[in-house]
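These numbers come from the heavy atoms of this one structure, side chains and all, not from hydrogens, waters or symmetry mates. Protein chains get the first letters and strands the later ones, always in sequence-line order, with residue 1 at the start of each.
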There are 2 protein chains.
Amino acid sequence: MATRIDSANPVFSLETLKVACSTCGLRELCLPLGLSAAEIKRVDAIVRRRRKVRKTETLYHAGMTCRSLYAVRVGFLKTRDPESSGSCRIFGFHMAGELLGLDGIAGGVHTCEAIALEDSEVCEVTFEDLEVLGRELPALQKRFHQILSREIQRDHQIMRVLGCKTAEQRLAVFLLDLSERYESRGYSPASFHLRMSREEIGSYLGLQLETVSRLFSNFRKRGLIEVERRHLILTDRPALQRIANDSDLE
Amino acid sequence: MATRIDSANPVFSLETLKVACSTCGLRELCLPLGLSAAEIKRVDAIVRRRRKVRKTETLYHAGMTCRSLYAVRVGFLKTRDPESSGSCRIFGFHMAGELLGLDGIAGGVHTCEAIALEDSEVCEVTFEDLEVLGRELPALQKRFHQILSREIQRDHQIMRVLGCKTAEQRLAVFLLDLSERYESRGYSPASFHLRMSREEIGSYLGLQLETVSRLFSNFRKRGLIEVERRHLILTDRPALQRIANDSDLE
DNA sequence: CGACCTTTTGAACGTATTCAACCGATGTGG
DNA sequence: CCACATCGGTTGAATACGTTCAAAAGGTCG
């Protein structure tokens with residue numbers, strides 16, 4: 001029933017208004033962060049459409065022309081490298097308020113593909129509109145640059161993890177990162193549901209799914225977490241922090 | 001003698017004019033790519049200063065307030081993670097025409113440090129100036145976004161390498177990447193000088209220096225390269241390509 | 001219910017690391 | 001000028017970490 005709205009009707013509906021940036025709970029995480037109410041209204045106007053992506057469905061494929069970026073409104077998606085047949089094809093997991101498609105600006109083509117891990121909704125904004133409006137609203141321009149730069153920082157963090165952390169450290173970093181992101185969205189930082197499989201976690205962390213599974217068991221035995229399938233409780237976050245940080249000192 | 005010019009004299013000199021963007025050989029790689037002659041002149045005007053960084057000297061430290069980005073004019077620099085005492089602190093090697101400091105836009109603070117691997121010169125542009133001018137010159141704004149997006153793509157490439165390639169594949173990818181970058185700057189893609197130590201290569205690729213050294217020897221024995229200290233000749237690039245690409249198929 | 005997918009666990013294996021010795025080039029001071 | 005220290009690089013041997021292969025249990029869905 002929900003799909004009826006987004007697929008067919010391009011005019012404003014009550015439904016559309018309800019999810020305007022101005023009233024969106026994510027405006028403190030997403031593109032509008034730091035903008036005035038008036039400015040947010042202008043941003044609202046360039047959001048082309050709010051699109052639903054069902055679990056397992058693809059938001060965009062690699063190779064598709066890319067003229068827009070997408071902000072996750074609700075749900076959870078992954079981006080992955082299409083070519084590499086091997087592992088480590090997953091570049092990231094994306095929660096509400098995060099932006100997708102930043103890698104496509106350079107070439108006008110998506111270099112990875114985005115797939116929903118649960119029923120999700122995204123807001124689409126074209127680069128063109130964003131650039132035009134950015135010229136009028138310096139705060140928006142600045143915010144956009146911040147987001148791009150933030151993404152580079154994030155990638156550096158992942159490179160650090162992949163390049164010099166043990167399997168144990170990688171998983172600890174990963175769990176704490178999820179924890180923080182849930183917390184900043186108002187969810188419990190200690191208890192949450194994993195939207196991704198062991199294989200996907202492994203793919204993201206440069207590990208085999210068996211290794212991930214073993215580490216979950218190992219962390220459970222040491223009393224650091226409780227894990228039941230995909231439900232997770234971080235019972236000893238300070239200890240996880242210690243594991244994650246320990247460069248090499250014992 | 002060269003330092004006298006840049007350190008003391010803030011007014012335009014013949015020397016300064018000589019290195020203006022308009023006449024810079026790198027304008028087809030750097031920020032001005034795709035701009036008209038008139039637009040390049042405007043970019044010239046916001047280049048605050050052209051700064052020399054001697055070998056082993058630091059262009060910026062992590063934690064320093066960051067209000068500018070730097071374009072490499074001549075030379076070769078590395079950026080590295082300051083905190084991690086372990087390995088893999090090196091995020092990248094940067095050649096002429098490449099931009100440094102993109103990670104600092106978000107927080108206004110440098111998150112890594114840049115160190116010259118040979119005597120280098122960089123052009124400094126403040127984000128503020130770049131944003132202001134970007135509002136006037138859409139082509140510049142677009143170009144800047146392209147560069148940021150390109151950097152994200154680059155990071156993805158590194159994540160791919162670190163996450164799912166063998167040591168052998170990593171080195172092959174690394175050498176071919178250097179090769180391409182030299183070629184696009186008009187140098188030989190097959191014969192060049194390594195500016196970095198084995199340890200720095202390892203740090204970048206998530207390997208130990210011994211492993212890198214062994215791989216060089218191994219590649220030499222297989223007739224793929226000739227290597228004499230830091231001088232390198234890629235004698236069989238197609239073979240290196242095959243090694244780099246082979247996902248897992250034999 | 002049976003088919004399939006995800007997850008767990010075990011055992012053997014292999015790749016890259018670690019520790020160590022050594023070499024050559026460079027630089028310093030007696 | 002040579003002894004000596006230092007730094008970058010090479011190579012060997014033992015080790016360890018994570019992978020690979022394999023089997024089986026638990027969940028989910030037609």
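No donor-acceptor pair under 3.5 Å is formed between the side chain of A:R50 and the backbone N or O of A:E124. The main-chain N or O of A:L224 is found under 3.5 Å from a side-chain atom of A:T235 such that the two form a donor-acceptor pair.
Nucleic acid contact class of B:R170 (heavy atoms, under 4.0 Å, all strands): none. At the heavy-atom level, A:S217 lies under 4.0 Å from the strands shown only through sugar-phosphate atoms. Contacts of A:T211 with the nucleic acid, taken as non-hydrogen atoms under 4.0 Å apart, include base atoms. Among the heavy atoms of the strands lying under 4.0 Å from A:S197 are primed sugar atoms or P, OP1, OP2 only; no base atom is included.
Residue-to-nucleotide contacts include a donor-acceptor pair under 3.5 Å from the side chain of B:E210 to the base of C:dC19.
With D:dG9, C:dT7, C:dA16 as the choices, the nucleotide that has an atom nearest any side-chain atom of B:T166 turns out to be C:dA16. Distance from the side chain of B:A167 is smallest to C:dA16 among D:dT11, C:dA16, C:dT7. Of the candidates C:dT8, D:dG9, C:dT17, D:dG9 carries the atom nearest the B:S213 side chain, counting heavy atoms from C-beta on.
Between B:K165 atom NZ and C:dA16 atom C1' the separation is 18 Å, expressed in whole Å. Atom C1' of nucleotide D:dT11 and atom CZ of B:R198 are separated by 13 Å, given to the nearest angstrom. Atom CD of A:E228 is separated from atom C1' of C:dT7 by 12 Å (rounded to the nearest Å). Atom CZ of A:F219 is separated from atom P of C:dT8 by 13 Å (rounded to the nearest Å). For the pair A:L215 CG and D:dT19 P, the computed distance is 9 Å after rounding to whole Å. One can place CD of B:E168 at 16 Å from P of C:dG14, the figure rounded to the nearest angstrom. Computed from coordinates, the B:H231 NE2 to D:dG9 P distance equals 15 Å when rounded to whole Å. Atom CG of A:L232 and atom P of C:dT7 are 13 Å apart (whole Å).
With the nearest nucleotide of DNA chain D identified for both B:M196 and B:R214, B:M196 has the one nearer the 5' end.
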Chi angles and distances behind the salt bridge (charged side-chain N to carboxylate O under 4.0 Å, His left out) call for A:R154, A:D177: CA-CA 11 Å; A:R154 265 195 107 70; A:D177 177 55; 3.4 Å; yes

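Side-chain polar atoms of A:T111 and B:H156 form no donor-acceptor pair below 3.5 angstrom.
Considering only side-chain N and O atoms, B:R230 lies under 4.0 angstrom from the phosphate OP1 or OP2 of D:dG9.
Less than 6.0 angstrom separates the ring centroid of A:Y204 from the ring centroid of A:F174.
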